[in-house]
Each structure stands twice: as structure tokens, then as C-alpha cells.
2 protein chains.
Amino acid sequence: MPRNVAFNEEQAIQYAMEVFWEKGYNGTSLRDLTDAMKINSSSLYNTIGDKQELFVRCIRHYTELRNKDLQRRIKSNASPLQILIQYINDAVTLITSKANSCMAVKTAFEVANKDVRIKEILKLDGENTYRFLCLLINSAIRQKEISDTENPELLADYLMSMLTGWYESYIVHKDADKIRNMAQYFIHQLSK
Amino acid sequence: MPRNVAFNEEQAIQYAMEVFWEKGYNGTSLRDLTDAMKINSSSLYNTIGDKQELFVRCIRHYTELRNKDLQRRIKSNASPLQILIQYINDAVTLITSKANSCMAVKTAFEVANKDVRIKEILKLDGENTYRFLCLLINSAIRQKEISDTENPELLADYLMSMLTGWYESYIVHKDADKIRNMAQYFIHQLSK
DNA sequence: CACATTCTGAATCATTTGTTTCAAAATGCG
DNA sequence: CGCATTTTGAAACAAATGATTCAGAATGTG
């Protein structure tokens, strides 16, 4: 009976995500968003909701993209340690090539303390990466690529913290070698 | 001849810093600030300047406080490794006790990419901590508290990145043991 | 086709934003 | 004291903010 929604919602969310990603939640205005999404604010409020709701949809979208990336990596037929090393190296490339940082990390520091919904999404996302890493490390230990004296859970937490720190380091110092050296050292420690 | 400034400027900066620290730059309004500082906005614009200038003064104040803390630690008559371990343990306590995170880290992610002045202050602050850590690690190596096979500069970068990551981890997971375990592991690796 | 229903666009809303104005109050110096 | 000078407080500014309104356009179903 009715008229259908004219705009591609996922595409619009993608556009909105990019703006939030760059400017942060508080730094982004409704005009910024509707401009990027190429829709009118009435359409936004009609289909998605207010700014907060849109933001929730955006980080959810972001974490889904990350999740798909991890799934893809797991399916690789490289060895566990190789997958792990590839993951770290890709992270380093990402950190040191794009000016913008990781949206999950930025959001954690900007709004996670005030918005429980956001915090919960980020928590699930973190646990997801955690499981991904634990899985790989455990497999690598079983295949004797990593020493069985290592603690997989600790190592996973360790790496995740390190990655976050690398983002900040690169924002402030813009020193790619710094990051590469740390990554190389971490991989070296891992591989013996 | 003239009337004197009535309010304590350093006290006012301290108040403003606390608000910025909690709410971030974009999340803080001029009213938030003048309320906390207990001054009128005309006084603010008369003595300090606009919001940006005030923010610069605030992180500058923040990094000065940090600097003083490092100076104090250096003067301790404990051994280099002991000072280092104390520093890490204090950081862990700070991270896992206060709800709010480190202002320098939050600011790096929120505004450092857009504001060169801010980025420069944070960079100097980072280099300061870096020197502090390198000094301690080098001394510890000379006193044979740390193996001379370690790379001091790398270790310093490593620790700084880790600390940043711990802040994010605690915001998202609120798991103090996670942080404590990582710290313990790091200290353990250091001490042999 | 025709109609009921939904979506869209432009305009507009009330607040809030960062900032400024200016008269009145305060203060040091002669 | 009295004047010149500066700070203060309340009010107000224009612009931007998040959000809503509503007439008209669009569309699937009968």
C-alpha cells in the first residue's frame, strides 16, 4: 500500500559511520550526518531514530565489519601462527597508513563511560577479537609454532592492549618505525 | 591603578581541566566550564581567552602535573627497577580505581588529529615519559637489575603503548584482574 | 485507475552553543 | 578622598544544534 523507503539504509549507515569515525560523536552535527547520508533529517528520524540511535547503528555496523574480517582470516589455510602474524602486520599497516584511528578505540574513550549500550557493543567486539586470538594462539601451541609455556589468554589481552597503544602512539608521534619495531619484537617473542 | 583579577587563575584552570577531562573537549560547553570555574564568561575571555585557548592551558596543566610526578619518582632513593615497578603498579591502581581515564590519552584520540598545538603538547609529554623510562631502564641494566640483552628504547615504547591499552581495556571490560595480570607479566619479563 | 498510506523535502521549532557587550563595581595611585 | 583604569556580572548576541512539522510526492493494493 504505502510508499517505500527510497534510500539504501545500509549505505546511509555506512556514510554516517564514516563521519562519526572521523569527527567523534560529540564533534558530529546532525547536518554533517544528513549531508553525508544524502537524506533529509525527517527521513532519518522516520526510519532510524535520533542521533544516539544512529550512532549505535554505526558502531554496530563497524564491529560487524571487523567480525567479518576475523571470520575471513580464520578460514585461511595458512598456519595459525601465520594468520596471527598476518593479522598483526595488517594492523600495523592500517595504523600507520590511515590518519584516522580505530573507531572502536576512539569511541571507547569518548563515550563508553557514559553510554552503557555503546560500552556493551564494544565489550562484545573486544571479546570477539579475544576469542579469535585465543583460538589462533591455542592452535599454534598445539602445532608447536608457539611454546606451550605461554599463556594464551594473557597473550591475547597483551596484544589487544598493545594494538590500542599503537594507535595512540601513531596519532601523537607519527613514527611508523616505532610501531613496526614493537610489532616485530612482539612477533619475535611469540615465535620462539 | 586598576582593579585586580579577583579569581585564582590556577585554581580555575584546575576546575576547567577536571570538566574537560571528564566530558572531553566537544562534550564540554562554555557553561559547564564557567560553572566549574566559578567565574563569568567575560572574565574568562578577558584573562585566558576562548574555549580552545582554555583547553590548551588545561592539558598543559595536566602534563605539568604528570611531569612533576615523574621528577618526584626519579628523586627516590629506591633502585631503578624498583622505581619502575612502583610506577607501573601505581598506573595499574590509577587505571582500575578511577572511572575516568587518562586525559592525555582521551585527548589524543579526540582532538590531536585536528589540533596541532594540542598534538605538540601531547608529543612533548610522551617524549618526557619516554625519557623517564629509558633513564630508569638504562640505569637498571647498568646495575644488572635488567638483562643487558634488552633494548631500553623499545621497552619504553612497549610499556607506554601497553599502558594506553590498559586504559581502554578497563573502560570496556572493567576487569581489574586482566590489567593486574598483564602488569605482573610485564614486570616478570622485565626482572629477568 | 483510485485510494489509502507512507515517505520526502523544505521550513521551522525551541535550545544550546561560543562569544560579546556594557553598565556598574572594585581597586590602586596621586 | 577622587579619579583613572580594569574587572565583573547579567544580559544578550548570532549561529548552530538536535528535533519536529506538514504539505505534497510517491507507491503498492484493491
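In the text below, chain A, chain B and the rest are named by the order of the sequence lines, each starting its count at 1.
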J.: Rounding to an integer number of Å, can you tell me how far B/Phe55 CZ sits from C/dT19 P?
T.: 14 Å
J.: Taking only side-chain nitrogens and oxygens of A/Tyr45, does any of them come within less than 4.0 Å of OP1 or OP2 of D/dA19?
T.: yes
J.: In whole Å, I'd like the distance from the CD1 atom of B/Ile48 to the P atom of C/dG18.
T.: 15 Å
J.: Compare the minimum distances between each of C/dT19, D/dG18, D/dA10 and the side chain of A/Lys51, then state the nucleotide with the smallest one.
T.: D/dG18
J.: Which of these nucleotides, C/dC7, D/dT8, D/dA19, is closest to any side-chain atom of B/Ser43?
T.: D/dT8
J.: Can you tell me the distance, in whole Å, between the CZ atom of A/Arg31 and the P atom of D/dG18?
T.: 8 Å
J.: Quickly work out the B/Leu54 CG to C/dT19 C1' distance and round it to whole Å.
T.: 14 Å
J.: Less than 3.5 Å apart, any donor N or O on the side chain of B/Glu145 or B/Ser79 sitting next to an acceptor on the other?
T.: yes
J.: Taking A/Asp69 first and then A/Arg73, would you say they form a salt bridge - that is, a charged N and a carboxylate O separated by under 4.0 Å?
T.: yes
J.: Rounded to the nearest Å, what distance is computed from the CG atom of residue B/Leu33 to the C1' atom of nucleotide C/dT16?
T.: 14 Å
J.: May I ask you to say what B/Thr28 touches in the nucleic acid, namely base, sugar-phosphate or nothing, with a heavy-atom cut-off under 4.0 Å?
T.: sugar-phosphate
J.: Can you measure A/Leu44 atom CG to D/dG18 atom C1' for me and round it to whole angstrom units?
T.: 10 Å
J.: Once you apply a heavy-atom cut-off of 4.0 Å, does A/Ser41 come out as touching a base, just sugar-phosphate, or nothing?
T.: base
J.: Give one of base, sugar-phosphate or nothing for B/Thr47, where a contact means two heavy atoms less than 4.0 Å apart.
T.: nothing
J.: A/Leu30 or A/Ser42: which one's nearest nucleotide on DNA chain D is closer to the 5' end?
T.: A/Leu30
J.: Please pick, from D/dA19, C/dT19, C/dT17, the nucleotide with the shortest atom-to-atom distance to any side-chain atom of A/Asp50.
T.: D/dA19
J.: Nearest to the side chain of A/Asn40, heavy atoms from C-beta on, is which of C/dA10, C/dT19, D/dG18?
T.: C/dA10
J.: Between B/Phe20 and B/Tyr62, is the gap from one ring center to the other below 6.0 Å?
T.: no
J.: Does NZ or CZ of B/Lys114 fall inside the cone over B/Tyr25's six-membered ring, less than 6.0 Å from its centre and within 45° of the axis?
T.: no
J.: For B/Gln52 and A/Ile39, take the nucleotide of DNA chain C holding the closest heavy atom to each; which residue's nucleotide lies nearer the 5' end?
T.: A/Ile39
J.: Between atom CG in A/Asn46 and atom C1' in D/dA19, what is the gap in whole Å?
T.: 12 Å
J.: Report the distance from atom CG of A/Asn26 to atom C1' of C/dT17, rounded to the nearest whole Å.
T.: 13 Å
J.: Taking atom types as modelled and ignoring hydrogens, do the side chains of A/Asn100 and A/Lys106 form a donor-acceptor contact shorter than 3.5 angstrom?
T.: yes
